[in-house]
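Read through the structure below, which is laid out as structure tokens, and then see the notes.
Bear in mind the structure is a predicted one, so any value in this text is a computation, not a measurement.
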Amino acid sequence: MRKNLICLLLIAGLLFSLAAVPASAEDKAVLTGDGVNLRSGPGFQYEVLGCYAEGTEVLIIDRSNAEWYAVTVEGTRGFMHSSYLRLVGEEPAEPAETEEPEPIVVVTEPPAAPTGEAGYINAMYVRLRSGASLDATILGEYNRGAALTITGTAGEWTAVVINGVSGYVYSSFVSRGTAAPETTPAPEATPEPAPEPGDETNAVLIKDDACLFEEPSFYSTIKGSFNKGERLTVTGEAGDFYVVNIYGYLGYIHKDNVSKDEAGGPIVIVTPAPTPAPTPEPTPAPTPAPTPEPTPAPTPAIEDETNAVLIKDDACLFEEPSFYSTIKGSFNKGERLTVTGEAGDFYVVNIYGYPGYIHKDNVLKDVDAPEATPEPTPAPTATPVTPESKTGYVNADHVHLRSEPSTSSAIKAVFDKNTRLTVTGRSGEWLAVSIQGYEGYMHGDYVTLDETPEPTPEPTPEPTPEPTDGEEGYVKGNSVNLRSEPSMNGQILGTYNSGTKLTILSVDGDWTKVIINGIRGYVFSSYVGRGEIIETPPDPSDEGVQMAQFALQYVGYPYVWGGKSPDTGFDCSGLAYYTYTHFGYSMYRVANDQTRNGVHVDASDLQPGDLLCFYSGGSYVGHVGIYIGGGKFVHASTYTTGVIISELSGYYTQRGFEARRIAGTSKGGPGD
């Protein structure tokens, strides 16, 4: 009886001692290994949020999972493997080198020659180690699809050979067979080979999307893009850039992206900036050639005229005539370029001084479409503006409204076909116009004037007399068309967004006859609201309004592919990234990934500060902008326009978009 009582007391004491360490207690710890990954979930299959050095302090917030602890590192929350964490105050564990904690039974030793079953890596950032243990040396890091040969197993580890290097990979990251090819081939930014034995890295990247340039200049060719936490070797300096070697790639990375190790310093190998080789003159081929045409001269002669136009958005300019080649830039529909030759399925081109190759599917040459003409050259001498007062509409897509009657003046906005306007004057071939609240100039070739005060005659007389004073109403949806007759076949007189005021004249079946901005026409009745819409003025303290105003200050800044700051300029996702991170939100960097930030909102419920993600075919998002209210948005559009304000109508609504609300969502969400 006494023995039973003692046993019960011992068990109770043990349970009490276990309960004394709550699963959610916050404890300080330090990392016991170098290059430890912080992951988004409790497992090796989760996304890597960051990579940290030995000795980094960590705050443990949950130890209920003995293998993976929930932690916070430098403000970022995630999960780390418990084997790399030592609580502050604990005695360091005995060195593991003297004795292996548990024997490793290798069923099949990796042979010198790779003979075994074919397989591949099925996850990102997977490490090849020298032994079947997390304490073993890292021999390399590989991404999804990397081919390997399976030579054996060792517990939870698989013995493999990758690129001639033998080692071990955690078994859950290995699949047997051959990896399925990617549907859209794209060059890998991070190469697979590990550094040569003996080469020691001496620096680390401290920012995401750090570009590796071919020369020490933001205008140089981009050879690849790397992320925060990746190791590299600095071998010299060139102005504001470091000369680097990262995963075997040589080039230049801006110093703002790099932190050199304090101990040891850089390897003393000063490599001067390379002198670029002269580019050969172009030799256009009259017929398609089996071999690539030589690269044209980087700057066309002054008298050279563009002879083609892009007909698709996000058309990539490649360094070589191949989808696997380095991407030098991305351009949009309507931009002009010069075609100097052909190379298989690619044209040899020069666009804004950038030479390279663009796939033929993206280009329409002028000889194939005589009606496509470049924006006319302004008259050599200024012509006084003659006052006029007429109405009309834009007769083409992607037409520029400029600050002066000249193609060299600033672009104030871009409008699409059928947008209504008022002509207030004329200066030579240019028209002074007022269009949706903007004042500026459009070339006369892109404007069609109304022949009569009414845009179109009434199709048929109304059965009842038309009232002189109609009922007040408003548009209930976005991108609602005003048509010349009560039919889907009627001419589109204008496109309007939710909240636009109108006057209701009569109802004809499913259509309502209305007047919008002085234009008489028909709107499908389900898009017409009766009465006065109560418009609440934007609250200056609202975070979304502040986001929109923050982005608006960069209107006029240049478009730079890969740019995400005022110092370098912006691309479309770079402007969104810079704006939202300024307010403390964690964002993905690429447009297609930014659709995962924030929460979905309907197009009818847009508010200033919402992110607009425009589709470029299927479900792929190739362009983004920030909604500013009033049916307009700000975005980094093209190399020609830079950052501008555009109407959320016409071309932009036809391509479709996903709206995401960032303001008010979790600031520690995706994108860390």
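With hydrogens and angles left out, the side-chain atoms of Thr422 and Ser434 include no donor and acceptor closer than 3.5 Å.
Contact record, Ala659 with Leu612: CB-CD2, 4.3 Å, taken as the closest heavy-atom pair.
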Indicate every side-chain donor-acceptor pair of residues 555-562 with a distance under 3.5 Å to a residue at least two apart or in another chain.
none

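The six-membered or imidazole ring of Phe657 lies away from that of Tyr652, with a centre-to-centre distance of 6.0 Å or more.
Within the 3.5 Å criterion, the main-chain N or O of Val339 finds a donor-acceptor partner in the side chain of Asn307. Within the 3.5 Å criterion, the main-chain N or O of Asp605 finds no donor-acceptor partner in the side chain of Asp602. Between the side chain of Lys501 and the backbone N or O of Asn517, no donor-acceptor pair lies under 3.5 Å. No side-chain donor-acceptor contact under 3.5 Å links Asp510 to the backbone of Ser525. Without hydrogens or angle criteria, Ser484 side chain to Gln491 main chain gives a donor-acceptor distance under 3.5 Å. With Asn418 contributing its side chain and Tyr393 its backbone, the two residues share no donor-acceptor pair below 3.5 Å. Panel note: side chain Asn592, backbone Val621; a donor-acceptor pair is recorded below 3.5 Å. A donor-acceptor contact shorter than 3.5 Å is absent between the side chain of Arg483 and the backbone of Asn489. Of the possible donor and acceptor atoms, none in the side chain of Thr579 sits under 3.5 Å from a partner among the backbone N and O of Met547. Put simply, the side chain of Arg660 gets close to the backbone of Asn597: a donor and an acceptor are under 3.5 Å apart.
Residues Trp430 and Arg402 form a side-chain contact, since some pair of their non-hydrogen atoms from C-beta on lies under 4.5 Å apart. In this structure the side chain of Thr306 reaches within 4.5 angstrom of the side chain of Thr338, judged on heavy atoms. Counting heavy atoms from C-beta on, the side chains of Val394 and Lys417 never come closer than 4.5 Å. Two residues are said to be in side-chain contact when any heavy atoms from C-beta on lie closer than 4.5 Å; Phe524 and Trp511 meet this criterion. Using a 4.5 Å cut-off on side-chain heavy atoms (C-beta onward), Leu611 and Tyr580 make contact. Annotation: side chain of Gln594 is in contact with side chain of Tyr577 (closest heavy-atom distance under 4.5 Å). Ser573 places none of its side-chain heavy atoms less than 4.5 Å from the side chain of Tyr588. The closest side-chain heavy-atom distance from Gln436 to Thr419 is below 4.5 Å.
For Lys667 and Tyr585, the positive end sits near the middle of the six-membered ring, less than 6.0 Å away and at most 45° from its axis.
Between Tyr554 and Phe550, the angle of the ring planes goes over 60°, which puts this pair in the perpendicular group of the 30/60° scheme.
Under the rule for a salt bridge (charged side-chain N to carboxylate O under 4.0 Å, His left out), the partners of Lys632 that lie at least two apart in sequence or sit in another chain are Glu647. Every residue meeting the side chain to side chain contact (heavy atoms under 4.5 Å, CB included) condition with Asp345, not counting sequence neighbours, appears here in chain and number order: His359.
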